Amino acid sequence: MSAAELDRAVTLLVRQVGHWQQPRWSAPAEGGNVSRADLVHKLVQEIANLAADTAGEPRRDVPRLPSDLALPDQLRVVAADLALADPPEPVLADAAAAVTRTRSAL
């Protein structure tokens, strides 16, 4: 697993949701009782935690911005942070798998 493969997974998810307006973000995720926005924010937090762990920094809460339309950008930022931290391949694989699972649930 490489950073390029993680980037590809993130790009696919962003392409899927980047044009959504608020009603689509507020809709329930497939097979769950949380909104699509909540599910993507959870993914953003998970990737941010992996980046912090890899960089040896403390974990920080990723803020939930007033508009869910910012979630794709937040995902891109935390994925870039993870790639810059130069994680081992298993961490990249875990991150890419989380992105793929989230994409499937949307």
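Just so it is clear, the structure is predicted and the values come from calculations on it, not from any experiment.
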Report task. Go through the steps to decide whether D68 and W20 satisfy the test side chain to side chain contact (heavy atoms under 4.5 Å, CB included), and finish with yes or no. Result -> CA-CA 9 Å; D68 294 329; W20 286 4; over 6 Å; no
Query raised in the report: Would L82 and L6 count as a side chain to side chain contact (heavy atoms under 4.5 Å, CB included) if you check the C-alpha gap in whole Å, the side-chain angles of each, and the deciding distance to 0.1 Å?
Result: CA-CA 10 Å; L82 178 58; L6 172 60; 3.8 Å; yes
**Report entry** Verdict with supporting geometry, S2 and E5, side chain to side chain contact (heavy atoms under 4.5 Å, CB included)
**Finding:** CA-CA 5 Å; S2 69; E5 291 169 305; 3.4 Å; yes
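The only option from V62, L50, V78 that meets the side-chain contact (heavy atoms from CB on, under 4.5 Å) definition with Q45 turns out to be V62. Among L75, L43, I47, the one residue that satisfies the side-chain contact (heavy atoms from CB on, under 4.5 Å) test with V10 is L75.
Atom CD of residue E30 and atom OG of residue S104 lie 8.5 Å apart, to the nearest 0.5 angstrom. Rounded to the nearest 0.5 Å, atoms CG (D81) and CZ (R76) are 14.0 Å apart. R101 contributes atom CZ, which lies 6.0 Å from atom CD of E46 (distance to the nearest 0.5 angstrom).
The minimum heavy-atom distance between A51 and A85, with the atom names listed, is O-CB, 4.1 Å. Among all heavy-atom pairs drawn from G18 and P72, the shortest one is CA-CG, 4.2 Å. Residues A52 and P58 come closest through the heavy atom pair CB-O, 3.6 Å. Of all heavy-atom pairs between A9 and A96, the closest is CB-O, 4.4 Å.
Panel note: side chain Q74, backbone P63; a donor-acceptor pair is recorded below 3.5 Å.
For residues 7-27, no residue pair satisfies the salt bridge (Lys or Arg N to Asp or Glu O under 4.0 Å) rule, not counting sequence neighbours.
R59 meets the salt bridge (Lys or Arg N to Asp or Glu O under 4.0 Å) test with D53; sequence neighbours excluded.
Ion pairing of D38 with R64 is present here, as a side-chain N (NZ or NE/NH1/NH2) and a carboxylate O approach within less than 4.0 Å.
At least one side-chain heavy atom of L69 sits less than 4.5 Å from a side-chain heavy atom of Q21.
In the hydrophobic clustering of ILVMFWY residues, with side-chain heavy atoms under 4.5 Å counting as a link, L92 and V77 come out apart. Linking ILVMFWY side-chain heavy atoms closer than 4.5 Å, directly or via other members, places V91 and V44 in a single hydrophobic cluster. Linking Ile, Leu, Val, Met, Phe, Trp and Tyr whenever their side-chain heavy atoms come within less than 4.5 Å puts L71 and L106 in one cluster.
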